[in-house]
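Notes follow the structure.
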2 protein chains.
Amino acid sequence: MARLSDIIEAFLKTLINEEEGAVEIQRNELANKFNCVPSQINYVISTRFTADKGYYVESRRGGGGYISIKRVNTESAGEYLMHIITSIGNKISQLTSEVFINNFVDYNIIDDREAMLMKAATSDKVLIDIPVEKRDEVRATVLKHMLMSLTVL
Amino acid sequence: MARLSDIIEAFLKTLINEEEGAVEIQRNELANKFNCVPSQINYVISTRFTADKGYYVESRRGGGGYISIKRVNTESAGEYLMHIITSIGNKISQLTSEVFINNFVDYNIIDDREAMLMKAATSDKVLIDIPVEKRDEVRATVLKHMLMSLTVL
DNA sequence: ATTATATAATAGTCAGGGATAGTCAAATTA
DNA sequence: TAATTTGACTATCCCTGACTATTATATAAT
């Protein structure tokens with residue numbers, strides 16, 4: 001029998017397609033539909049709907065709580081960004097990062113203010129407290145997540 | 001089920017916009033309009049119209065009592081930003097950080113894309129590799145530097 | 001008239017219950 | 001061995017209602 005997680009993943013992706021890129025679910029309801037414990041939904045989301053794979057997830061607890069999953073845009077800028085994101089490795093230097101960001105401005109992917117923000121967040125100044133051997137890794141993560149966020153809106 | 005608190009929040013914010021920054025309501029009347037207990041109005045106000053979020057609330061009991069909500073007048077965006085920057089300590093949680101960022105959107109200091117960028121750069125997801133005891137420090141630094149960059153352009 | 005007191009009309013506080021979602025590690029399965 | 005499944009425990013958010021606090025107004029006492 002196929003793994004339940006795969007089935008839930010497929011179900012959600014179908015839903016996302018039908019809803020044109022975004023769904024909002026209730027964790028318990030979905031768990032109930034598939035006769036599993038609620039935390040399995042978290043498992044599916046954390047293993048299959050990651051930022052790396054092009055999804056943006058938000059949630060809220062309490063009465064009327066929800067989990068929303070958005071697929072990033074796949075057209076034009078979005079596609080280009082996704083390409084860049086996957087091309088960025090686990091580490092990136094400040095200099096390389098700045099080159100990327102400047103390119104985005106040239107390509108009209110981001111504007112000057114957004115570039116300033118991104119440079120600020122990925123500068124060595126900001127990451128000064130992080131051990132040198134970790135710094136380029138954190139920078140890569142920050143940069144990739146910022147780019148990912150741009151593909152959503 | 002939709003959250004009543006969100007509906008009331010939206011109602012009040014619309015009212016505040018229409019009235020150019022200030023409203024005066026009667027607690028019981030509003031509770032009646034939304035079929036809830038009066039104390040829910042207090043809940044909405046205390047969770048959504050806090051000083052942190054840029055609102056100033058006054059009230060008076062007894063006959064002819066009222067609750068007034070005013071949106072704080074922000075002189076210039078730059079001044080406001082500088083004020084926020086200096087008010088941020090050495091550490092900040094993800095939640096608090098998001099509250100600030102949402103606030104900037106409300107004040108038209110940044111737009112939705114910029115907010116996404118900032119949230120991405122200050123999220124726990126991004127800082128996951130930083131030891132917990134350091135995480136809020138790094139977040140504060142990142143946030144402050146990004147805000148700084150906005151005061152320039 | 002003036003002052004004191006009672007009553008009515010507000011708003012505030014707080015703790016509890018219910019409804020969600022998140023985390024983590026143990027157990028299971030492929 | 002790695003991925004999946006499970007469930008106990010935790011965290012967060014919302015809504016309610018009983019009880020309290022404050023203010024204005026009407027009434028009574030002087």
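From a predicted model like this one, the values you see are computed outputs, not experimental measurements. So you know, we letter chains A, B, ... as the sequences are listed, proteins then strands, and number each from 1.
- Going from atom CG of B:N32 over to atom P of D:dC15 covers 17 Å, rounded to whole Å.
- Annotation: cation-pi pair A:K70/A:F49 absent, no NZ/CZ under 6.0 Å from the ring centroid and within 45° of its normal.
- Candidate nucleotides C:dA21, D:dT5, C:dG12 were compared by shortest atom distance to the side chain of B:I67, and C:dG12 ranks first.
- The stretch residues 37-50 of chain B touches DNA chain C through B:S39, B:N42, each having a heavy atom within less than 4.0 Å of the strand.
- Both A:I7 and A:F11 are part of a single hydrophobic cluster, where members link through side-chain heavy atoms under 4.5 Å apart.
- Side-chain atoms of A:R61 stay outside donor-acceptor range of the base of C:dG22, with no qualifying N/O pair under 3.5 Å.
- OP1 or OP2 of D:dC14 lies within a sub-4.0 Å distance of a side-chain N or O belonging to A:R60.
- Not one side-chain nitrogen or oxygen of A:S59 sits closer than 4.0 Å to the OP1 or OP2 atom of C:dT20.
- Rounded to a whole Å, the CD1 atom of A:I8 is 10 Å from the C1' atom of D:dT5.
- Here D:dA11 presents its P atom at 15 Å from CZ of A:R27, a figure rounded to the nearest Å.
- Rounded to whole Å, atom P of C:dA30 lies 12 Å from atom CG of A:L4.
- A close approach under 4.0 Å does not occur between any side-chain nitrogen or oxygen of B:N28 and OP1 or OP2 of C:dA9.
- Within 4.0 Å (heavy atoms only), B:G65 reaches sugar-phosphate atoms of the nucleic acid but no base atom.
- Atom CZ in B:F100 sits 11.5 Å away from atom OG1 in B:T122 (nearest 0.5 Å).
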Atom pairs and distances, side-chain donor-acceptor, residues 32-41 of chain A, under 3.5 Å, sequence neighbours left out:
{"residue": "A:Q40", "atom": "NE2", "partner": "A:S5", "partner atom": "OG", "Å": "3.1"}

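- One can place CZ of A:F34 at 16 Å from P of D:dT4, the figure rounded to the nearest angstrom.
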Under the criterion side-chain contact (heavy atoms from CB on, under 4.5 Å), I'd like the reasoning laid out for A:R135 against A:D124: C-alpha separation, chi angles, the key distance, then a yes or no.
CA-CA 8 Å; A:R135 202 172 294 165; A:D124 271 338; 3.4 Å; yes
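- When the P atom of C:dA21 is taken as reference, atom CD1 of A:I25 falls 8 Å away, rounded to whole Å.
- In this structure, B:K125 has no salt bridge (charged side-chain N to carboxylate O under 4.0 Å, His left out) partners at least two apart in sequence or on a different chain.
- The distance between atom CD of B:E98 and atom P of D:dT12, rounded to the nearest whole Å, is 13 Å.
- Rounded to an integer number of Å, the gap from A:N35 CG to D:dG7 P is 12 Å.
- In this structure, B:K53 contributes its side chain and B:T47 its backbone to a donor-acceptor pair below 3.5 Å.
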